[in-house]
K.L.:
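Dropping a structure here in structure tokens format, bear with me for questions.
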Amino acid sequence: MLATSDPIEQAFSEAAQEWDLTRLYHDLEKISAKELKPIEKACLRGLLCRYRPGQIAHKLAWTAGALRVELNKGLYRYIEALTGQPPNTLRWEKISEWLANYRYPDRQAAPTPTHIDWGEAPEVRQFFGRRDELQTLQQWIVHDRCRVVAIWGMGGIGKTALAVKLVEQINHHFSLVLWRSLRYVLPLSQVIEGWSKKLGNTEGDLLAALKQQRCLLVIDDFEAVLQDGELAGSYRLGCESYGTLLRRLGAERHQSCVLILSREHPKEILLLQGEELPVRSLKLQGMQLEGAKELLRAKGFDPNLTGVNELIQQYRGNPSALKLVALTIKELFNGNVAEFLRQTALSLGDVLRSLLYEQFNRLSDLEKEILYWLALKRRPIGLQELREAMAISSSGSELIDALESLRWRSLIEKSPDAEVQFTLEPVVMKYVHQKLMEEITLEINAIIEHQDFTSLYFLQRFPLVEDSAPDNIRAVQIRLLLKPIKDKTHALLKKNNITTDTIQTNLRQLVSTERLENNLVLLGLWLDREPS
Ligand SMILES: Nc1ncnc2c1ncn2[C@@H]1O[C@H](COP(=O)(O)OP(=O)(O)OP(=O)(O)O)[C@@H](O)[C@H]1O
Ligand SMILES: [Mg+2]
């Protein structure tokens with residue numbers, strides 16, 4: 001979830017990418033014998049990012065004069081004291097240099113790693129926000145010496161970019177860093193052989209190698225070895241040994257760390273993880289407001305424009321989505337965010353669509369059906385309502401498993417209220433809605449163009465408009481689902497010169513359910529009853 005926290009706390013968070021801020025604050029506080037104020041910490045970060053004091057004052061909504069007084073009586077003096085410089089000699093341009101000479105950033109103080117093999121890792125040139133996530137991961141890996149850490153979250157949310165930045169920050173704590181993507185799935189034996197060789201163990205004993213030296217293994221695109229078409233967590237045929245390896249890496253003693261990046265949460269990690277245990281996982285959510293605004297600024301947007309906050313909220317801070325939508329808004333709406341929001345419910349860029357397509361195709365049939373229902377309902381609904389809609393009469397444990405699995409895949413959101421309710425993230429909602437519309441249109445096509453009456457699954461199963469839905473939801477169902485499908489149906493009838501009478505004659509034997517009949521009435525394909 002996005003959090004709009006104090007802007008001073010959030011300002012210039014990117015300084016954490018280059019500097020070990022925790023250590024720096026701690027040392028400055030030690031030398032000044034008092035706690036740094038939030039404004040001093042923010043100024044320090046701004047100065048480390050090479051902003052001038054005037055720019056910092058502007059950003060923090062202080063007057064330049066007041067900020068200068070604040071800096072002169074506090075932060076500048078502490079930095080002089082910390083770096084052993086004479087009092088009152090500090091100029092702001094010198095801060096990074098002085099601190100760097102004084103063995104900051106942290107990495108300068110540590111030995112350089114013998115080797116970093118970046119493998120398929122991309123170069124990440126622009127990176128914003130994610131200060132808290134970087135700090136948490138650094139804490140887990142460096143300080144708590146976790147053996148297995150997973151970063152999981154939906155496609156495009158920024159797992160790979162975050163891990164690249166993390167590795168850049170902490171690599172000096174390891175003698176060897178290896179990055180591998182499993183996108184082009186390889187048998188584990190081959191992967192292990194490659195890793196062990198890199199780690200200097202000719203016998204292919206990975207664990208022995210990880211015991212001998214402190215290494216960081218990053219395994220990206222882990223979901224590639226997980227099975228599609230089944231609930232989240234099971235392995236593809238022939239890839240089960242990845243699960244065994246994860247269990248061993250988490251349970252056995254060694255001094256290395258394996259960082260897993262995955263769209264789905266591997267179940268071994270779920271079973272082994274714990275706050276006090278050396279196995280942890282971080283569910284990566286969208287970017288917070290400040291970072292997302294920086295990202296939009298880098299795309300040429302003024303983040304103070306009307307509608308920008310709403311835009312970020314709508315896309316849940318998903319960096320891929322924001323990058324794509326920024327392009328659309330610039331090209332088609334001349335950068336007018338408010339106008340874009342007025343005209344489009346949510347536009348899905350091609351890349352995002354193909355990401356969602358990949359994720360959707362991995363789902364089991366039950367999971368897909370749940371998504372269709374949630375897209376149709378368009379509002380958070382509880383388990384009971386979902387069970388009734390889907391006409392599931394059993395105890396519903398399969399349904400609960402599937403809902404849990406969808407959460408592991410980051411496709412549905414669970415409300416924190418007393419009565420648990422489920423809904424789709426807005427971007428997923430848009431995608432599934434489109435998919436539902438496509439499927440129904442295909443069935444209507446088959447009826448009208450090919451007189452094929454055999455495939456009426458969607459029309460049988462899902463009501464185009466729900467009688468029992470609240471009025472506002474019914475209105476949306478009519479506008480966004482029924483109306484476009486109805487328009488297409490009529491255009492098709494006209495194009496093929498077909499009358500509804502002909503269709504009805506053929507449909508008559510097939511229409512067995514009230515829901516199908518209702519849908520056909522609504523679409524004007526069934527005229528025994530007047531469409532309501
Ligand atoms: N903090 C960030 N600042 C700027 N850009 C970012 C940030 N995080 C991610 N991005 C950009 O967003 C896009 C998607 O990020 P990334 O590839 O890391 O997502 P992912 O979660 O690894 O997706 P997938 O599941 O498809 O591998 C990339 O272009 C990346 O550079
Ligand atoms: Mg990735």
Side-chain angles (χ1 to χ4, degrees), residues 2-3 10 12-18 49 118-138 149-169 179-185 218-226 228 232 259-266 281-301 303 312 315-328 348-363 408-411 425 427-428 431:
L2 285 170
Q10 293 289 314
F12 312 112
S13 52
E14 63 275 32
Q17 292 160 26
E18 290 289 323
C49 295
W118 281 104
E120 301 83 3
E123 194 179 341
V124 178
R125 285 171 190 271
Q126 288 184 322
F127 187 80
F128 309 101
R130 300 294 196 197
R131 194 174 50 135
D132 294 348
E133 290 87 344
L134 283 166
Q135 257 175 22
T136 303
L137 291 164
Q138 178 157 354
V149 170
I151 305 177
W152 63 289
M154 70 180 294
I157 201 78
K159 302 177 290 294
T160 301
L162 176 66
V164 166
K165 283 297 146 190
L166 179 71
V167 171
E168 284 174 9
Q169 265 183 32
W179 182 297
R180 283 292 170 269
S181 161
L182 297 184
R183 194 173 310 143
Y184 308 106
V185 195
V218 186
I219 310 184
D220 198 358
D221 304 302
F222 191 82
E223 72 280 349
V225 295
L226 299 173
D228 35 24
L259 178 64
I260 307 279
L261 315 180
S262 179
R263 290 184 189 171
E264 294 166 22
H265 199 180
S281 67
L282 176 80
K283 159 101 196 267
L284 193 60
Q285 308 279 8
M287 297 171 71
Q288 299 221 336
L289 209 53
E290 273 308 307
K293 281 185 168 181
E294 292 295 323
L295 186 147
L296 289 174
R297 191 200 301 278
K299 290 272 143 211
F301 269 86
I312 295 171
Y315 285 88
R316 296 290 202 271
N318 181 313
S320 303
L322 289 171
K323 279 170 89 167
L324 290 164
V325 86
L327 208 71
T328 311
L348 291 175
D350 282 348
V351 178
L352 195 60
R353 191 174 298 117
S354 73
L355 274 177
L356 289 165
Y357 172 83
E358 282 170 27
Q359 268 188 289
F360 191 85
N361 278 354
R362 297 179 59 84
L363 304 180
W408 290 356
R409 301 184 198 267
S410 320
L411 291 172
E425 294 217 11
V427 179
V428 181
Y431 176 80

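A quick note: this is a predicted structure, and the numbers were derived from the prediction, not measured. Note that ligands are numbered from 1 as they come in the structure, with each ligand's atoms numbered from 1 the same way.
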K.L.:
Compute the shortest N/O to N/O distance between Phe127 and ligand 1 and return yes if it is under 3.5 Å, no if not.
P.N.:
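Looking only at distances, the answer is no, because the N/O contact criterion of under 3.5 Å is not met.
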K.L.:
Could you identify the single nearest non-hydrogen protein atom to atom 3 (N) of ligand 1 and state the distance to 0.1 Å?
P.N.:
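Answer for atom 3 (N) of ligand 1: Phe128 N, 2.9 Å.
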K.L.:
Would you tell me which option among Arg125, Arg263, Glu123 has the nearest heavy-atom contact to atom 26 (O) of ligand 1?
P.N.:
Arg263
K.L.:
Please report whether ligand 1 has a polar contact with Leu295, defined as an N or O pair separated by less than 3.5 Å (distance criterion only).
P.N.:
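Such a contact does not occur with ligand 1.
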K.L.:
Measure from atom 22 (O) of ligand 1 to every heavy atom in Thr160, Leu284, Leu261 and give the option owning the shortest one.
P.N.:
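Of the listed residues, Thr160 has the closest heavy atom.
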K.L.:
Pull out every atom of ligand 1 sitting under 4.0 Å from any heavy atom of Gln126, numbered as shown with elements.
P.N.:
3 (N), 4 (C), 5 (N)
K.L.:
Could you check whether any side-chain heavy atom of Arg180 comes within less than 4.5 Å of a side-chain heavy atom of Ile219, counting everything from C-beta outward?
P.N.:
no
K.L.:
What protein heavy atom sits nearest atom 27 (O) of ligand 1, and how far off is it?
P.N.:
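Ranked first by proximity to atom 27 (O) of ligand 1 is Asp221 OD1, 3.8 Å.
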K.L.:
Please write down residue, atom name and distance for the protein heavy atom closest to atom 18 (O) of ligand 1.
P.N.:
Ala161 N, 2.8 Å
K.L.:
Roughly how far, to the nearest 0.5 Å, is the CE atom of Met154 from the CD atom of Gln285?
P.N.:
11.0 Å
K.L.:
Measure the shortest side-chain to side-chain distance between Phe127 and Leu295 over non-hydrogen atoms and say whether it is less than 4.5 angstrom.
P.N.:
no
K.L.:
Looking at Arg125 and Glu123, is there a salt bridge between them, counting it only when a charged N and a carboxylate O are closer than 4.0 Å?
P.N.:
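Between Arg125 and Glu123 there is a salt bridge, with a charged N closer than 4.0 Å to a carboxylate O.
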K.L.:
Relative to the heavy atoms of Met287, which atoms of ligand 1 are at a distance of less than 4.0 Å?
P.N.:
1 (N), 2 (C), 3 (N)
K.L.:
What I want to find out is whether Glu223 reaches Arg362 closely enough, with some N-O distance under 4.0 Å, to be called a salt bridge.
P.N.:
no
K.L.:
As an exercise, state the distance from CD of Glu290 to CD1 of Ile312, rounded to the nearest 0.5 Å.
P.N.:
8.5 Å
K.L.:
Report yes if some heavy atom in the side chain of Glu14 is under 4.5 Å from a heavy atom in the side chain of Cys49; otherwise report no.
P.N.:
yes
K.L.:
Please list the nearest protein heavy atom to atom 28 (C) of ligand 1 with its residue and the distance rounded to 0.1 Å.
P.N.:
Lys323 NZ, 3.9 Å
K.L.:
Which residue supplies the protein heavy atom nearest to atom 20 (P) of ligand 1, what is that atom called, and how far is it?
P.N.:
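Checking every protein heavy atom, the shortest distance to atom 20 (P) of ligand 1 gives Lys159 N, 3.5 Å.
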K.L.:
Considering only the protein, which heavy-atom contact is closest to atom 19 (O) of ligand 1, and what is its distance?
P.N.:
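Looking only at protein heavy atoms, the one closest to atom 19 (O) of ligand 1 is Gly158 N, 3.1 Å.
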K.L.:
Between ligand 1 and Gly156, is the shortest N or O to N or O distance under 3.5 Å?
P.N.:
yes
K.L.:
Which is closest to atom 10 (N) of ligand 1 in terms of heavy atoms, Pro319, Ser320, Ala292?
P.N.:
Pro319
K.L.:
Measuring only between side-chain heavy atoms, which start at C-beta, is Ile151 closer than 4.5 Å to Phe222?
P.N.:
no
